[in-house]
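Order of the sequence lines sets the chain letters (A, B, ...), proteins ahead of strands, with each chain counted from 1.
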Amino acid sequence: MADDVVDEAQLRDLIPGVLAALVRRGVDFAAAEDAVQEALVRAVETWPTRRLDEPKGWLITTARRCFVDLARSDTARRHRELRVSDEPPPGPAASMDETLRLYFLCAHPSLSPASAVALTLRAVGGLTTRQIAQAYLVPETTMAQRILRAKRTVSDVRLDRSGDLRTVLRVLYLVFNEGYSGDVDLAAEAIRLARQLAATTDDVEVAGLLALFLLHHARRPARTRADGSLVPLSDQDRSLWRRDLITEGVAVLQAALARDWLGEYQAQAAIAALHADAPTADETDWVQIVEWYDELVRLTDSPVVRLNRAVAVSEADGPQAGLAALGELDSTLPRYTASSAYLHERAGDLATAARLYAEAAAQAHNLAERNHLTLRAATLNQRLSDGDC
Amino acid sequence: MAKYLLLKHYRGAPASVNDVPMDRWMPAEIEAHVQYMNNFAARLQRSGEFVDSQALAPEGTWVRSDGEGKPPVTDGPFAETKDLIAGWMIIDVDSYERAVELAGELSAAPGAGGEPIHEWLEVRPFMTAAPTVLE
């Protein structure tokens, strides 16, 4: 595919509108989704050789033809074929509201999180089943089945009822946090979908989530070394941070905060913005970060937030204050041991810190984190044996 | 071609020759070890012999059915004495000899003092599909 003729991301931006246009013409969601996928394949084959003035109109027409073809090949669907053949030609492009309804449908509460993620990526994101399967490291047949079942589950849901934006945001958050493997960058895809969603609704938390994504994505070039090992925030080369994404993220966040309707994603984004704002780790405004964590605790009452707050408290008020805050929490929380190790290291108790880092490494749930924690333990053990304590 | 599982154990395998816990290595030795493992997998991908590589978390639970209508019985976490798998690499190679050769190389990953760990790895052939031609 020639990049200068067909931009795949631009092409996929059109998907929700095209899908909504078919559904509005009476095609059921599952069949419409199949037809749009087929039209996408044809677009990728056709467009490099032919410039189009109206790509969206072309996609709608092609998807309708694909639907008729698919329906024709299935005698049980003949009645639908007739109905669609009688439809008037494509009208004006689908409105933004229809795009929003598709997001609601794909993140419907009747779906499991894994199904909602898969359906969103395919129906709203326009990714192929193979791409989604590769990104989540499952066989393509498994992902195809998951998507099929998800489509059946929502087939009885009426598209015109408004859905819950919170479930949509959670789905996008899950996609973003998965990072990237295979040829699809899920973080970039989550940002694209969040941008598209932000353009369809003026909900402040959508803006908060978009800002959060942008500000975290900005750090990605600095977050890992070439060998895949993790670089902690305090050690990152901040000149590698993407200033363009930071500028955009801060602008989106400020506009949201100005509307004075705080939510958890805005508060998380505010913390990320304060990190982005510090030219060096030492210049971080930890006092303000702790204040935002207090807001987050108030909004979510999440134990994980309290754990992160304890680390921020240690930066703002010293390691003893941090350890005191940590002491109030449940020691079985994920990353509790790693946080405790870090706070003991900051407090100068290297022997305890080394022991806790080794313990945390044994509990880690990904190799990059395990290697990082083992390395911290080894570094402290070496300093201890060199008499540097 | 035949598939082999190269199995690494947290516990249950005979002790490595160079048997020092990783948090007692020099930091640079850990980096060298990680680099060796990455390079090893990348080399097998290039040679067309790599299938899969996964690591397992050290915790686990025994589970069995307790009959219809009852929740399954669980027993765990695993006792300290249990044989504990750490992870595996699956390779698809021409011969048993090649599988052993590669397992030997993997076992020689550098450890404490920059010396090879010489850890014991288990090499297990996969069961294959029934052949079409028998006679």
Side-chain angles (χ1 to χ4, degrees), chain A residues 133-134 136-139 142 181-183 224-232 235 331-338 341-342 344-345 350-386 388, chain B residues 3 6 8-12 16 18-43 45 50-61 76-80 82 84-90 106 109-115 117 119:
Chain A
Q134 276 178 353
Y136 285 93
L137 304 177
V138 299
T142 303
S181 53
D183 65 342
T224 49
R225 297 186 187 86
D227 63 1
S229 60
L230 294 178
V231 186
D235 295 348
S331 63
T332 61
L333 275 172
R335 294 205 174 81
Y336 179 96
T337 311
Y342 176 70
H344 280 95
E345 180 186 351
L350 301 193
T352 306
R355 180 178 55 75
L356 289 171
Y357 274 127
E359 202 178 298
Q363 297 166 0
H365 279 256
N366 67 74
L367 277 179
E369 197 177 304
R370 180 159 86 191
N371 290 338
H372 172 71
L373 293 167
T374 306
L375 199 55
R376 290 306 309 155
T379 304
L380 295 188
N381 280 327
Q382 196 198 349
R383 280 172 60 186
L384 284 164
S385 64
D386 290 350
D388 172 25
Chain B
K3 291 195 180 69
L6 311 186
K8 181 185 162 78
H9 296 248
Y10 285 119
R11 295 195 297 258
S16 311
N18 183 5
D19 191 19
V20 180
M22 214 166 173
D23 61 295
R24 297 286 164 181
W25 300 5
M26 303 283 271
E29 291 162 4
I30 295 178
E31 282 162 1
H33 176 82
V34 171
Q35 191 62 51
Y36 183 96
M37 301 303 270
N38 288 347
N39 291 348
F40 186 81
R43 189 155 55 84
Q45 275 167 342
F50 179 87
V51 178
D52 183 38
S53 175
Q54 299 288 339
L56 298 177
E59 76 263 26
T61 312
F78 293 143
E80 282 294 315
K82 192 201 169 284
L84 194 58
I85 294 164
W88 64 78
M89 186 175 280
I90 299 172
L106 194 57
E115 295 298 316
I117 302 174
E119 69 182 321

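Note that the OG1 atom of T379(A) and the CD1 atom of I30(B) stand 7.0 Å from one another [nearest 0.5 Å]. In this structure, the separation between OG on S385(A) and CE on M26(B) is 7.5 Å, given to the nearest 0.5 Å.
For E59(B), the part sitting under 4.5 Å from any heavy atom of chain A is the side chain, from C-beta outward, and nothing else. For R370(A), the part lying near chain B is the side chain, with the backbone staying farther off; criterion is any non-hydrogen pair under 4.5 Å. In this structure, chain B has a heavy atom under 4.5 Å from the side chain of L367(A), while its backbone stays farther away.
Not one N or O on the side chain of D23(B) forms a donor-acceptor pair closer than 3.5 Å with the backbone of N381(A). Checked by atom type and distance alone, the side chain of N38(B) pairs as donor or acceptor with a backbone atom of D227(A) at under 3.5 Å.
At a threshold of 4.5 Å between non-hydrogen side-chain atoms, the residues P27(B) and Q382(A) count as touching.
Listed options E31(B), E29(B), H33(B) were ranked by heavy-atom pairs under 4.5 angstrom with chain A; first place goes to E31(B).
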